[in-house]
2 protein chains.
Amino acid sequence: MTTMLEVAKRAGVSKATVSRVLSGNGYVSQETKDRVFQAIEESGYRPNLLARNLATRRTQTLGLVVTNTLYHGVYFSELLFHAARMTEEKGRQLILADGKHSADEEREAIQYLLDMRCDAIIIYPRFLSVEEMDDIIQKHEQPIMVLNRRLRKNSSHCVWSDHKASCQAAVSQLIDMGHRDIAFITGSLDSPTGIERLSGYKDALAQHHIPLNDALIVEGKWNPESGALGVSTLLSRGETFTALVASNDDMAIGAVKQLHDSGVATPGQVSVIGFDDVSIAPYIIPSLSSVRIPVTEMIKETISRLIFMLDGGDFTLQQTFSGELILRDSVIAGPHV
Amino acid sequence: MTTMLEVAKRAGVSKATVSRVLSGNGYVSQETKDRVFQAIEESGYRPNLLARNLATRRTQTLGLVVTNTLYHGVYFSELLFHAARMTEEKGRQLILADGKHSADEEREAIQYLLDMRCDAIIIYPRFLSVEEMDDIIQKHEQPIMVLNRRLRKNSSHCVWSDHKASCQAAVSQLIDMGHRDIAFITGSLDSPTGIERLSGYKDALAQHHIPLNDALIVEGKWNPESGALGVSTLLSRGETFTALVASNDDMAIGAVKQLHDSGVATPGQVSVIGFDDVSIAPYIIPSLSSVRIPVTEMIKETISRLIFMLDGGDFTLQQTFSGELILRDSVIAGPHV
DNA sequence: TTGTAGGCGTTATCAA
DNA sequence: TTGATAACGCCTACAA
């Protein structure tokens with residue numbers, strides 16, 4: 001690999017001059033500029049970003065930590081798509097680190113990004129506690145933002161969506177439409193999102209003075225298979241219901257299939273609501289409603305804040321201005337009875 | 001950020017010794033080891049990977065270039081999922097660069113990864129020609145592998161799946177089952193994959209001496225909407241057909257929906273085959289067959305080769321051993337008439 | 001077993 | 001307008 005020094009020699013100037021030409025900082029005559037550019041051309045020179053970043057103490061990269069388990073599915077694709085796009089729009093590069101499937105590995109991933117000297121970091125946590133993340137944020141000078149979780153201390157360093165409230169709204173909607181026996185398929189209950197949605201379901205019932213029937217609740221694992229299994233379980237319990245809420249669209253799809261296969265109902269006969277608005281879902285089951293989580297808006301806000309901090313924005317001030325950011329889920333389309 | 005020098009001072013040793021302790025190279029007494037570790041602990045020292053990589057001329061990273069347009073959907077998720085997993089299994093890190101949506105941007109992405117001094121690079125091309133990639137591979141000393149394209153010169157530097165052959169097989173299957181009027185929805189025809197599948201369709205017809213009816217072919221754009229639109233177009237042309245092949249599952253799903261909405265057929269009445277085996281598809285349309293592309297196996301082979309080269313494997317030799325790698329698509333499940 | 005010193009390829013601060 | 005030269009933080013002979 002040809003280095004800056006070789007370019008300098010070839011152009012008959014010093015390293016410093018070449019550096020100036022490349023960075024655009026400092027004066028340099030048009031004449032030498034031309035010679036340098038020619039030398040670069042001839043030698044096929046390419047800057048070594050490692051060296052540059054080491055010297056400037058800036059890498060122009062944002063790090064993103066996401067769990068492996070999120071990789072499958074449209075939700076992650078959308079997140080990544082927009083994260084990459086926005087990052088590059090701001091003249092930076094996104095670096096992805098895999099949080100895998102444990103708290104330890106999630107920590108490692110964060111550490112890696114820090115060691116790589118990413119200018120800023122986005123964490124989409126799965127296993128780390130809110131406390132630990134508050135801790136991490138305070139321990140490091142790099143700007144860090146947390147997605148999909150509500151922090152206690154560094155409330156301006158997180159962007160989240162109120163899963164509980166939106167689930168409650170969805171269930172309330174069903175109740176308003178006259179439903180009383182509403183089945184619920186949870187997500188994995190080791191995930192905050194899963195817990196929050198379940199909790200929203202319970203709250204909605206309580207709010208409308210409908211007694212909670214535990215037999216109408218089954219635990220799922222976010223995938224279609226567990227949605228189908230959930231329906232089987234409900235049926236084997238001998239439960240009847242006129243509506244069903246699944247904690248995400250994948251499970252909802254599996255559930256509808258199972259309802260159909262069991263001969264219990266045709267799609268449309270039981271009101272089903274899912275979450276995440278997987279783009280292909282309506283092509284499958286037109287009767288499927290879904291609560292859309294504004295991933296795009298959330299990642300956009302996240303990156304904006306990060307860039308703002310990198311540009312020296314006074315974040316304490318910013319915080320008092322906008323306070324805690326809560327992006328509410330949009331209204332559901334309404335179930336079909 | 002505390003540096004190695006500070007750790008050294010605190011432990012009362014030299015930088016070199018600290019470095020030895022960390023890397024595990026060279027002798028160092030247990031006693032000083034302990035002192036160094038303690039100093040690291042106390043100071044919260046973290047190695048600067050930029051500096052380390054600059055000094056060692058190794059980054060332990062693999063770069064991956066993918067187009068933005070691939071981001072959506074399960075196919076990409078699976079690719080990324082396994083790429084990340086395998087890379088980390090081999091003790092390395094995956095760095096993703098966005099190829100966006102033009103040849104220029106694809107080149108830029110590759111260049112970025114090279115400038116970052118990734119040890120090796122994987123390209124999943126969308127716009128670059130085979131010739132240019134052959135060129136790139138020869139110009140750079142880093143190992144480079146190309147996915148989903150068949151290179152002329154560096155045939156051992158690519159892993160691809162024979163889209164034409166597998167499409168031909170799928171269509172032949174339909175013909176064997178008695179179909180004669182088989183409609184075809186293409187992918188984007190600026191993509192090699194799209195062209196190859198179309199070509200497989202035509203070959204199958206020719207092989208069975210079935211005259212080609214251009215009116216049975218419509219151009220799609222890989223998404224469900226274009227699949228639905230394709231069916232509308234076919235119907236508006238007054239064409240009749242007993243089977244339909246869409247160049248991917250997303251379009252197939254859209255197509256089935258449109259067939260249904262138009263009242264032309266219920267799902268199952270027209271044989272439909274898609275590609276890519278999107279995991280959720282069978283939950284939607286049990287009658288949908290699909291040709292599975294072995295992404296997992298392909299990415300696995302790709303990374304294996306890369307690592308092999310990094311470890312100093314003699315690639316010219318390797319090539320003569322295994323020759324050109326062709327991963328054939330698995331047999332389709334068979335359409336329902 | 002440990003320390004010294006030079007190098008990795010840039011940037012950035014001074015003088016000239 | 002240009003050129004030395006010292007960082008940046010780490011690795012690695014070589015010497016001790």
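Each chain gets a letter, A, B and so on, in the order the sequences are listed, and its residues count up from 1.
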TODO: State, yes or no, whether a side-chain contact exists between A:Arg305 and A:Ser156 at a heavy-atom distance under 4.5 Å.
DONE: yes

Open item on the list: Using the side-chain hydrogen bond (donor to acceptor under 3.5 Å, both in side chains) criterion, which residues pair with B:Glu132? Sequence neighbours excluded.
Closed with: B:Arg107

Task: Minimum-distance nucleotide (side-chain atoms of A:Met4 versus C:dG9, C:dA12, C:dT11) - done: C:dT11

TODO: Using the salt bridge (Lys or Arg N to Asp or Glu O under 4.0 Å) rule, collect all pairs that involve residues 44-55 of chain A, keeping only residues at least two apart or in two chains.
DONE: A:Arg46-B:Asp115

Open item on the list: Surrounding CD of A:Glu41 (heavy atoms of other residues, nucleotides or ligands, distance under 6.0 Å), is the total greater than 12?
Closed with: no

Open item on the list: Run the side chain to side chain contact (heavy atoms under 4.5 Å, CB included) test against B:Arg58 and tell me which residues pass, sequence neighbours left out.
Closed with: B:Thr56, B:Arg92, B:Asp119, B:Leu310

Open item on the list: Please enumerate all residues that pass side chain to side chain contact (heavy atoms under 4.5 Å, CB included) together with B:Gln142, with sequence neighbours excluded.
Closed with: B:Leu114, B:His140

Task: d(NZ, A:Lys9; C1', C:dG9) in whole Å - done: 13 Å

TODO: Would you list the pairs meeting salt bridge (Lys or Arg N to Asp or Glu O under 4.0 Å) in which at least one residue belongs to residues 8-29 of chain B, sequence neighbours left out?
DONE: B:Arg10-B:Glu42

- [ ] Find the distance A:Ile40:CD1 to C:dT10:P and express it as a whole number of Å.
- [x] 10 Å

Task: Interatomic distance where CG belongs to A:Leu50 and P belongs to C:dT11 [whole Å] - done: 13 Å

- [ ] Take the C1' atoms of the five end pairs on each side of the helix from C:dT1-D:dA16 to C:dA16-D:dT1, get both axes, and report the angle to 10 degrees.
- [x] 40°

- [ ] Could you list the residues that satisfy side chain to side chain contact (heavy atoms under 4.5 Å, CB included) with B:Ser304, not counting sequence neighbours?
- [x] B:Met86

- [ ] Whole angstrom is fine here: how far is it from CZ in A:Arg46 over to P in C:dC8?
- [x] 21 Å

Open item on the list: Using OP1 and OP2 only, check whether a side-chain N or O of A:Tyr45 sits under 4.0 Å from C:dT10.
Closed with: yes

TODO: Could you check whether B:Thr17 gets within reach of a base, just the sugar-phosphate, or nothing at all, counting any heavy atom under 4.0 Å?
DONE: sugar-phosphate

Open item on the list: Return whichever of B:Ser29 or A:Leu22 has its heavy-atom-nearest nucleotide of DNA chain C closer to the 5' end.
Closed with: B:Ser29

TODO: Using the heavy-atom set of chain A and a strict 4.0 Å cut-off, write down the first and last nucleotide of DNA chain D that makes it in, 5' to 3'.
DONE: D:dT1 to D:dG9

Open item on the list: If I take atom OG1 from residue B:Thr296 and atom NE2 from residue B:His82, how far apart are they, to the nearest 0.5 angstrom?
Closed with: 4.0 Å

Task: Of all pairs that satisfy salt bridge (Lys or Arg N to Asp or Glu O under 4.0 Å), the ones with a partner from residues 138-147 of chain A, not counting sequence neighbours - done: A:Asp135-A:Lys139

TODO: Determine whether more than 12 heavy atoms belonging to other residues, nucleotides or ligands lie under 6.0 Å from atom CD of A:Glu31.
DONE: no

Open item on the list: Between B:Asp190 and B:Arg126 (salt bridge meaning N to carboxylate O under 4.0 Å), is one present in this structure?
Closed with: yes

TODO: Would you please name every residue forming a side chain to side chain contact (heavy atoms under 4.5 Å, CB included) with A:Glu131, sequence neighbours left out?
DONE: A:Ser129

Task: Sugar-phosphate only, base, or nothing, as touched by B:Val18 at under 4.0 Å among non-hydrogen atoms - done: nothing

Task: OG1 on B:Thr87 to CG on A:Asp98, rounded to 0.5 Å - done: 9.5 Å

- [ ] Check DNA chain D against residues 30-38 of chain B and give the residues with a non-hydrogen atom under 4.0 Å, in numerical order.
- [x] none

TODO: Measure from CZ on A:Arg20 to C1' on C:dT13 and round the result to the nearest Å.
DONE: 10 Å

- [ ] Within residues 51-63 of chain A, find the residues that approach DNA chain D with a heavy atom at under 4.0 Å, and present them sorted by residue number.
- [x] A:Leu54, A:Ala55, A:Arg57

Open item on the list: I need the CG-P distance between B:Asn48 and C:dT10, as an integer number of Å.
Closed with: 17 Å

Task: Separation of atom CG in B:Asn25 from atom P in C:dT1, rounded to whole Å - done: 15 Å

